[in-house]
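Lettering follows sequence order; numbering is per chain, from 1.
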Amino acid sequence: MGLQRKSFDAGLTALNERLLNMGTAVEEALDKALQAFVDHNNDLAKEVIDQDGAINDTEDTIDELVIQLIAHQQPVAKDLRRIVTALKMNANLERMGDLACNIAKTSIRMKLEPELEVIQQIQEIAAIVKTMIHDIIQAYINEDVDAAKAIALKDDTVDRLYKEFLNNLFAHIRQNPDEVETLTQLAFLGRHFERLGDYVTNIAEYVVYMVDAKRSDLN
Amino acid sequence: MGLQRKSFDAGLTALNERLLNMGTAVEEALDKALQAFVDHNNDLAKEVIDQDGAINDTEDTIDELVIQLIAHQQPVAKDLRRIVTALKMNANLERMGDLACNIAKTSIRMKLEPELEVIQQIQEIAAIVKTMIHDIIQAYINEDVDAAKAIALKDDTVDRLYKEFLNNLFAHIRQNPDEVETLTQLAFLGRHFERLGDYVTNIAEYVVYMVDAKRSDLN
Amino acid sequence: GGTATPAAPSPEKPQAEAPKAEAPKLSGNVLIDGSSTVYPIQEAIAEEYRSVQPNVRVTVGVSGTGGGFKKFTAGETDMSNASRHIKGEEKEAAEKNGIEYVELPLAYDGLSVVVSKQNDFVKDLSVNELQKIWTGEATKWNQVRKEFPDAEIKLFGPGTDSGTFDYFVEAIIGKDKKITPNFVASEDDNIIVRGVSADKFGIAYFGYAYYEENHDKLNLVAISPKDGEAAILPTEKTINDGTYAPLSRPIFVYVNKKSFKENPQIQDFAYFMNEKAGELALQVGYINMPAQMYEDNKKLLDSLK
Amino acid sequence: MKSLIVRRTYYDRMWQGLFLLSTSVGVIALILLVSEIWSEGSGWLTWDFFNNFASRFPEKSGIKAALWGTLWMIGFTIPIAFIIGVSTAFYLEEYAKKNVITRFIQINITNLAGVPSIVFGILGLTLFVRAMDLGRSILAGSFTMALLVLPIVIVASQEAIRAVPADLRHASYAVGGTKWQTIRRILFPAAFPGILTGIILATSRAIGETAPLIMIGALTFVAFTPTSAMDSFTVMPIQIFNWISRPQADFQHVAAAGIIVLLVMLVSLNSLAIYLRNKLSTKR
Amino acid sequence: MNSLNLTVRDKIKNKTGVSARYNKFVEYIMPKILFLISTISIFVTLGIVYTLFESTITFFSFVSIKEFLTGTRWTPLFEPQQFGILPLLLGSVLVAVIAIAIAGPIGLGAAVYLSQYAPDRVKKTLKPILEVLAGVPTIVYGFFALNFITPVLQSLMPGLGLFNALSAGIAVGIMIIPMIASLSEDAMAAVPKHIREGAYALGSTRFEAAYKVIIPGALSGIIASFVLAISRAIGETMIVTIAAGAMPNFTFNPLEPVQTMTAYIVQVSLGDTPYRSIAYYTIYAVGMTLFIITFVMNIFANWLTKKFREEY
Amino acid sequence: MEFATNKLDIQKAEVFQVNKLNLYYGKDQALKNIDLSINENEITAIIGPSGCGKSTFIKTLNRMVELVESVHTEGEVYYRGKNILDKKYDLVELRTDVGMVFQKPNPFPKSIFENVVYGPRIHGINDKKLLMEVAENSLRGAALWDEVKDRLNENAYGLSGGQQQRLCIARCLAIQPDVILMDEPTSALDPISTLKIEELAQELKEKYTIIIVTHNMQQAARISDKTAFFLNGEVIEYDSTTTIFSNPSDKRTEDYISGRFG
Amino acid sequence: MEFATNKLDIQKAEVFQVNKLNLYYGKDQALKNIDLSINENEITAIIGPSGCGKSTFIKTLNRMVELVESVHTEGEVYYRGKNILDKKYDLVELRTDVGMVFQKPNPFPKSIFENVVYGPRIHGINDKKLLMEVAENSLRGAALWDEVKDRLNENAYGLSGGQQQRLCIARCLAIQPDVILMDEPTSALDPISTLKIEELAQELKEKYTIIIVTHNMQQAARISDKTAFFLNGEVIEYDSTTTIFSNPSDKRTEDYISGRFG
Ligand SMILES: Nc1ncnc2c1ncn2[C@@H]1O[C@H](COP(=O)(O)OP(=O)(O)OP(=O)(O)O)[C@@H](O)[C@H]1O
Ligand SMILES: Nc1ncnc2c1ncn2[C@@H]1O[C@H](COP(=O)(O)OP(=O)(O)OP(=O)(O)O)[C@@H](O)[C@H]1O
Ligand SMILES: [Mg+2]
Ligand SMILES: [Mg+2]
Ligand SMILES: O=P([O-])([O-])[O-]
């Protein structure tokens, strides 16, 4: 058993490989965007923005691959769920790439350097989100439902931190109304990270669905 | 020709119907959320939030339908693209539902009533976005590439209005730092509408792909 | 059937009777063909001859007298059996082909007229009455004799092209009258036996041998040459001395002179045949000829050498 | 509805009875025939019977000459029929174009199968005995018989060849096999069981036939076993026919014994054919 | 692997000249040889026709065709000679009709039994047994008719003669039962299994399936078996020679003795008929008639088979 | 629409109820302990690898399997409450209730009309007008009427393979069966004819109960309500088609439907 | 991996080049003006509805089509630069270069070994050792060696359908052809065997050029590099498989592959 369908399994492997690559690319973009924001390094930020095109292209390639696998191999049951999950994950990863790009843009738009405390808060959130991203891709590949659920749980931390961050920020603005633009950008920045956490949660839901064929709400 | 595959075609029709329903539900949610914001009607806002669950469920049903159509009917070429498009559109519509929900939440979170001018600006954006949503679903059903492209163009207007709105807002905050929270919420609100425009653009891209099998960037 | 002569002994057994043991071993073929009537005698002779000269291969065919003469006059056979004399056209053919031959009478065939054992009214018939019956003049028994029953006569006889048939027609009906075709014919006399023995109103004729074998089923009919004369039953004696008339006839074998001269095995066989014919004829149901006639044959053969 | 079904089932039963009866007629006839012959002849089946030549004495009569004559005749008949028959079958099935000549040959063959044996006797007499001057030899008899059974062999072989699935043929051509290689290596072996069945049936026909040999004059006293194809001969049915027409009642028993030998020979040949048909051809 | 490939490939490609040339030659010569051999069947037919025709022509120089075809008396061996073939023809027809009247229903019934009702094992035993009947030499039947059938008939119909068309016809009938049974059964077995199943699946009884689907489906084969059996019955020689009597009889009454064409030919060939007499030529004329009849029947059978053949 | 049958509809009547069915060909067991019930007005698909007993199983439902002599069955098969394996159960009646369509189209060598009215005729209907009506209705039911109405008296072998198969369905409909068994009805057909038959089957289930054996997993997925997966004479899994094809509970089922078996 | 062949690889050598091929069965034209070229080491699939000329076309490539007497061709078919429709082209050579596998497995009624070495034998190879080597290599090539190595002398009919088909492939490999034609090689097989053959085909294309006729669109999609869509004897579309199955340029192709045809 299980020895058949070499070409389909080869297709699945290729798909996973590309998803992994895409995940890595997104992580990298995120790293760089964060760095650009911290260092206020516009060149690095621009690099992230430039590379988003590549991530978008990868999304298209993966979509194409999925469509071909469906057209050529008629997957059913888990095979089909796996492929649909790949499709969804792909969309989510692409959005995450966009968010990295947004973060880079935000960092460019910021006229003033934010306070250290804020930066630390952001970095804290970012660190959690990054592990989440990294882990969820592994969970997908290993079809590890438990890991996926655990990862989704971390999103709560992210949300909590985000709220604290926002409150902090509002307090700031009230004190420095002139910095409103920068501070609004910072709010957006936080929101981007919060959204990243949401996307990971989405992916976690799909992983559960893929394995158990059950819809779950991990939010 | 074309008389075969009744059951597949019936499946497609069912799919379109549900997408249409979902689109309508999203439009309604948006209407209500906007109304709740304008009237500062928290009950209406809560209604929107409550109904989001239904939209999410519809998303799951549609996904299920798509998966079954793939598993049972082995669509290829345009049929397959149509189905994949439905899947993508479904995800986007669900996100749009979420955004409507966010809008409602934002409106609840707002402590103070915003100024009329701001409200008007938001309403202006909302009006455009709403036609976009309505039109894009029609374009999908009619497989109308030209309409889709035209709709995507409108997103530029949305973006422009959003920028104007933000600048306006920043000016305000600078004048009324105490209202920072409300104003930040308003910024988010604007952003939600801007994102809605983006989603419609995404869908427009998929419609083009579905018909022409070509990836396009309508952003 | 008799068991008098232990012919064709199995090869392993020493021959019981070996008077010609010192005779030279001969080999070669003797080809005989012709009449089916003569066949049984010739067959018996050939069978006997095998024990004398086992290496001589005698074959006896049954092409009928006419068919036999066709081959004989073309030089294809060494001897030809005949139930009649050779005819004019056949003679001419022989002449044309340069075939010379001699005729040897071998035995008498006494035709027996028979009825079924169930038939209790016919004991004897005259030639005249037979004629009436076989020309179809009388189709019912009471048309033959008043006292016979009013019943259809059922006729059985040998095939129309056999020598026996020819002879019967010639002897009973004559040249100018016609035999009725309305009789059941068979080349196989046994079948005639069965036919007539099963039919109370049947009547048949065939070779005497067949009556002998089936006397339990059949009644022999005595024949009177003329109406009112004494009816005579065919027996060895009456046939041999010619008192059973007109239904006894000689049967012949024709020998090719050239074959006889040139082939020692044919000479040997011819002498053997002449010597044994009488004895074997009796065994197979024919009547032997007076001894003088075999002597004459022998002389004739001697003259050919 | 219900009662109709009962009625239909009843009819079915009734017909089944009738059909079974029909089948038994044949079987009963065979049993009667065989038991009749067996009771007449079984006592006469001795060693001597096989080892003696024909004799005017029933108890000395044997079937030796006829048995050997039959074997000799068959020995020539079958190879001739086989070579001509199988060649013709292969020509018609594999080489012949579907044209007028082919159709003509084919119709001829089917018709020959229906020509009465006695007519073959007339042909044999005229052609082999007289025109070719073979006389009443084994060869003349074999030729006549070969012609008589030829249609059987051809038709059976054709059927057998046709029954070889076309895809085997194609498979051979597709690896570069020539037509002749395909015939020799694929078609012939595959069709062989069928051909063999045809040959065996032809053999039993040839063994049992009387009429044509009577025509060509094989009814002969022969007291030797043949040593060459040009020898005179007799065969079993003719010997039996001869015995049957003897006046002595005992010859009927001899004849019955001869019939038993003949039947045993035929039944074994038929069984062989059936065995081959069932065994070899179910391989696929 | 590669080096091996090369050797094999090379060997295949550059075949040694001898075998290639040999193959070419065989390929060229075999069809021609086989064609020549296959024309033998034509020559046999031509031979038969020629043999019969030549002597028949001679025969008709003595006897008018009209007399031959319309005369009701056949007495070539008697004086006066009469050459009306009708009695012989009628004899043959009478025997064949009786035979087919016996063998037709019985053979077909047996075929239906074997194909529809008989358990597999029974069928496997019965069919070969029936086929043995077809292989029994005809002289055996002749004496069976004479020794068994006729006595039985006589006990039923007192006054029946020993020789009659009925008894011969019955024997011929028994002989051709297996021909009809076996060939018809083959034809029925050739009706594809799935068609049979189709009938059963609609709730047919076995009889209905046989009557409505299988027999119609096998009709061409069944007809062909009948025609073959009829021509075999007409061509049958020894049974009628032995059991039918040898009396050319212009009658339709099966209880009377008759002579068939074949029996006449045997009679003449066993007898002492002088070579080249008119009587001698009669066997050719009769043989020709027989040949034409069976030939026409075969053509007819062919035509029927084609006409009714089902392509599944 | 078949897109909403995730739960078994319990209100549907059971047509067949198979209890511990064991079937042997001579000594070889071909069906092992089959327990299965089949609902009215549904399409039940039987899938499984070659030789797993699919054909044997459905042929048990109209006892066609008994055409093989060595067959021996144990257990019960209730059809509408009566055990059809009972020797006294009338076969003719059973097969009138349970029609069958075969793998290879098997029209009789008769006219189209005579093919369709074969069943009614043997059931004693001879009224020409009535037969004509039956023929028309059945042919319409089999979606063939329009294609053949002008040539009802032509031989059925003149039809294409797909038309022949629909003719066989019409022939089956003409006796108004309750259940229709189909043994790989499309495996001898081209894709277009296959689709036509599939659609026909879906229409027919409004009125009939259909059990279909198929090698084509997608076909089972496309048209059936329930699917039973057979393996080595056993029922491995029997569930709604949606479940079988999206989330089978047995690993072997999943392996089989996703082509990983062997 | 076949997931990257959107553009035609121009560097691959052309094995067949078909020019304006017209083919008639008697008066009926079965192929119309076919222009097509087939590349080395690729799998080319021929799809199209029943009767469109698929089999006819591939049988033209080894001239097996000439087994039908009435066939008449026009145009040219170049195989490695030589026109094989030339009457002088040696058929034996052509068929040695262009092997063929048929719809129904058609092993000879001989042993497994004799089946495989049939080709080499008729080409005059009789060396037992060499034949044994050929047999092993071919059977390995057809992925059958392990299953049959212990019973090479058993009759080939003892194998299962899928094994028989692989045996036929081995038989074809034994003469080391250049091209392998396959006419619906899996249509008589169950899904599992089908998958095995498909995978085998994909392995074989490393060494051979394969042309496969199939009714199964998914099969064409799964395994081929190029696909030609035939309709009524014409080539409607010929392109990379990916294009044909995702974005065919002709409406009729799309209708056919999406099952909307007829
Ligand atoms: N007539 C028979 N005699 C003996 N065994 C049989 C018979 N018919 C089927 N079998 C055996 O019973 C088992 C089940 O066969 P069945 O035909 O039901 O399988 P299937 O699932 O329909 O296969 P397929 O998909 O190949 O049609 C197989 O092992 C088969 O060999
Ligand atoms: N031997 C033949 N004689 C006459 N016409 C033929 C012959 N073989 C095929 N044809 C015709 O040629 C056309 C093409 O047939 P071909 O067998 O090539 O189709 P196909 O595409 O392979 O169909 P399928 O998918 O059914 O195998 C058909 O119209 C068919 O009727
Ligand atoms: Mg089956
Ligand atoms: Mg084809
Ligand atoms: O575009 P969003 O993911 O932020 O909704």
Contact origin within [X] toward chain D - heavy atom pairs under 4.5 Å:
X: E:Ser55; value: neither
X: E:Ile242; value: side chain
X: E:Leu228; value: neither
X: E:Thr237; value: side chain
X: E:Phe144; value: side chain
X: E:Pro178; value: neither
X: E:Ile33; value: neither

Any side-chain to backbone donor/acceptor pair from [X] onto [Y]? Under 3.5 Å, distance only.
X: E:Thr294; Y: D:Val115; result: no
X: D:Thr144; Y: D:Gly121; result: no
X: E:Ser184; Y: E:Ala111; result: no

Given the options [options], which has more heavy-atom pairs under 4.5 Å with chain E than any of the others?
options: D:Ile83, D:Val119, D:Leu266, D:Ile122; value: D:Ile122
options: D:Thr178, D:Ile37, D:Leu269; value: D:Thr178
options: D:Gly26, D:Ala113, D:Pro116; value: D:Pro116

Contact part of [X] toward chain E, heavy-atom cut-off under 4.5 Å: side chain, backbone, both or neither?
X: D:Leu32; value: both
X: D:Leu30; value: both
X: D:Leu263; value: side chain
X: D:Leu127; value: neither
X: D:Gln16; value: both
X: D:Tyr91; value: both
X: D:Leu262; value: side chain
X: D:Val27; value: both

Charged N to carboxylate O under 4.0 angstrom, E:Glu27 versus D:Lys179?
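Looking at D:Lys179 together with E:Glu27, the answer is no, because their closest N to O distance does not fall below 4.0 Å.
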Can the ring centroids of D:Tyr11 and D:Trp15 be said to lie less than 6.0 angstrom from one another?
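Centroid distance D:Tyr11-D:Trp15: not below 6.0 Å, so no.
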Under 3.5 Å side-chain donor-acceptor pair for D:Thr126 and E:Tyr284
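On atom types as modelled, these side chains qualify, holding a pair under 3.5 Å.
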Can a donor-acceptor pair be found between the side chains of D:Asn99 and D:Thr102 at a distance below 3.5 Å?
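Yes, D:Thr102 and D:Asn99 have a side-chain donor paired with an acceptor closer than 3.5 Å.
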For chain D, find which of E:Ile174, E:Ile40, E:Ile177 contributes the most heavy-atom pairs closer than 4.5 angstrom.
E:Ile40
Passing option when D:Gln239 is tested against D:Thr234, D:Thr70, D:Ile244, D:Val254 for side-chain contact (heavy atoms from CB on, under 4.5 Å)
D:Thr234
